[in-house]
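Residue numbering restarts at 1 for every chain, and letters A, B, ... go by the order of the sequence lines.
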Number of protein chains: 2
Amino acid sequence: MSLDSFDRALLDAVQRDATTAQHALGEQVNLSSAAVNRRLKKLTADGVIRKTVALVDPASVGYSLTVITEVQVENERLDLLDAMKRTFMACPQVQQCYYVAGEYDFVLIMQVKHMEQYTELTRALFFESNNVKRFNTLVSMSNLKVGLEVPLLA
Amino acid sequence: MSLDSFDRALLDAVQRDATTAQHALGEQVNLSSAAVNRRLKKLTADGVIRKTVALVDPASVGYSLTVITEVQVENERLDLLDAMKRTFMACPQVQQCYYVAGEYDFVLIMQVKHMEQYTELTRALFFESNNVKRFNTLVSMSNLKVGLEVPLLA
DNA sequence: TCTGAAAATGGACCTTT
DNA sequence: AAAGGTCCATTTTCAGA
């Protein structure tokens, strides 16, 4: 399951654009299209490629507000933390959720339609939780860079 | 450029899995494969679908650490902010970058190989900037939910 | 690596509202 | 006009030799 430089070059190409035809990828990295096909298949089977997805522009579908929320919990009991994790993950407006070390315990990246929807969600997610000590809201004025790319050539 | 329920259903499907064949998508939403093809093409041309990409598992390629950094600037002069934005965006380990309102000015999501690499990057990105007042580091212990999906059915 | 079969894409054309 | 459906050529994928 070790990756050579061909694999890295392929991963780098498809994480930028997964619509490129395999023969074109082959030209870029100097492999036959069959070799490209085999490698991509293996990378997917091995889980190196988690999935292939279309990135939808949030603003185009009415989600024009990105909010980052830091959450500090009251009690770190495992069952309570687990319940919170599940609540956060189940919320479709919570696009990303990280369990972090430091002053705060969770960082959420949320996509909402407008401020009211966020206010509503804070009620459901934080006020009604009974285990949130406090939370801090950072409103994004500009999403300068959004992606899930991993450095592969550096 | 308005989206009907067919468009929404298609977007929802492809943002989960863009490898689904168009005829299969057509069955799911009750359209012919040609209609699916036309709609997806238009959604892409209109920028509703920003791009189609493969999601690479960071850990599989040696990037096993996710760090979230909040950055407060010293001086909000536009040219200085702009220079910072460019520096952040140009760094491949900075996967996401948000310009936010509140106590801090930037939030960065970074993918690094290990703590040393992060330490090195803080030097390059923050200490050498001359315009960073302070920064706060949140180390992710668990990436509970990672994605860029937008709620489309809710 | 090459070849070829099966599948998917995407355009042309006609029909419906 | 705008959008759907059917049909068909072209391209792409992907397995076996």
Side-chain angles (χ1 to χ4, degrees), chain A residues 1-64 113 147-150 152-153, chain B residues 1-61 147-154:
Chain A
M1 214 253 251
S2 61
L3 308 176
D4 62 18
S5 65
F6 287 117
D7 289 322
R8 289 183 173 271
L10 286 173
L11 288 171
D12 187 59
V14 294
Q15 80 170 345
R16 289 173 204 282
D17 183 2
T19 65
T20 317
Q22 294 174 353
H23 75 84
L25 292 172
E27 279 175 27
Q28 285 176 39
V29 303
N30 283 321
L31 277 175
S32 70
S33 85
V36 171
N37 187 274
R38 269 193 296 271
R39 281 171 181 265
L40 288 179
K41 191 167 195 156
K42 184 166 183 356
L43 289 167
T44 303
D46 291 350
V48 179
I49 294 175
R50 284 203 301 120
K51 47 183 353 198
T52 299
V53 301
L55 302 187
V56 174
D57 174 46
S60 300
V61 294
Y63 281 79
S64 34
K113 294 186 185 172
L148 294 175
E149 288 172 26
V150 183
L152 282 164
L153 310 176
Chain B
M1 215 255 252
S2 63
L3 307 176
D4 62 15
S5 66
F6 286 117
D7 289 322
R8 291 184 172 270
L10 287 173
L11 288 171
D12 187 59
V14 295
Q15 78 170 345
R16 289 172 204 283
D17 182 2
T19 66
T20 316
Q22 293 173 355
H23 75 85
L25 292 172
E27 279 176 25
Q28 285 175 39
V29 302
N30 282 322
L31 278 176
S32 70
S33 84
V36 171
N37 187 276
R38 274 191 293 264
R39 281 170 179 267
L40 289 178
K41 187 165 197 160
K42 181 162 183 5
L43 289 168
T44 305
D46 291 349
V48 180
I49 294 177
R50 284 202 302 122
K51 48 191 338 210
T52 298
V53 301
L55 302 186
V56 174
D57 174 48
S60 300
V61 294
L148 293 174
E149 286 170 28
V150 183
L152 282 164
L153 310 177

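D:dG4 atom P lies 7 Å from atom CZ of B:Phe6, rounded to whole Å. The CD-P distance, from A:Glu27 to C:dT1, rounds to 13 Å in whole Å. As rounded to whole Å, 14 Å separates atom C1' of D:dA3 from atom CG of B:Leu10. Look at CG on B:Leu31: it is 8 Å from C1' on D:dG4, rounded to the nearest Å. Atom-to-atom, CG of A:Leu25 to C1' of D:dT13 comes out at 12 Å; the value is rounded to the nearest Å. Nucleotide D:dA3 holds its C1' atom 15 Å from the CG atom of B:Leu3, rounded to whole Å. Atom CG in A:Leu40 sits about 9 Å away from atom P in D:dT13, given to the nearest Å.
Across D:dC14, C:dA8, C:dG10, the shortest atom-to-atom separation from the side chain of B:Gln22 is found for C:dG10. For A:Asn37, counting side-chain heavy atoms from C-beta on, the closest listed nucleotide (D:dG5, C:dA8, D:dT13) is D:dT13. Nearest nucleotide to the A:Lys41 side chain, out of D:dC14, C:dT9, D:dT12: D:dC14. Checking D:dG5, C:dG10, C:dC2 against the side-chain heavy atoms of A:Ala34 singles out C:dC2 as nearest.
B:Ser60 approaches A:Gly47 most closely through the heavy-atom pair OG-O, 4.3 Å. Minimum interatomic distance between A:Asp57 and B:Arg50 (heavy atoms only, all atoms of both residues): CB-CG, 3.9 Å. Residues A:Asp17 and B:Val53 share a closest heavy-atom pair of N-CG1, 4.4 Å. Here the closest heavy-atom approach between residue A:Gln15 and residue A:Leu152 is recorded as NE2-CD1, 3.6 Å.
No N or O donor and acceptor, one from the side chain of B:Arg39 and one from the base of D:dG4, sit under 3.5 Å apart.
Between D:dG4 and B:Ser32, no contact under 4.0 Å exists linking OP1 or OP2 to a side-chain N or O. Within the 4.0 Å cut-off from OP1 or OP2 of D:dT11, not a single side-chain nitrogen or oxygen of A:His23 is found.
B:Asp46 places no side-chain N or O within donor-acceptor distance of the main-chain N or O of B:Val48, the cut-off being under 3.5 Å.
At the heavy-atom level, B:Ala35 lies under 4.0 Å from the strands shown only through sugar-phosphate atoms.
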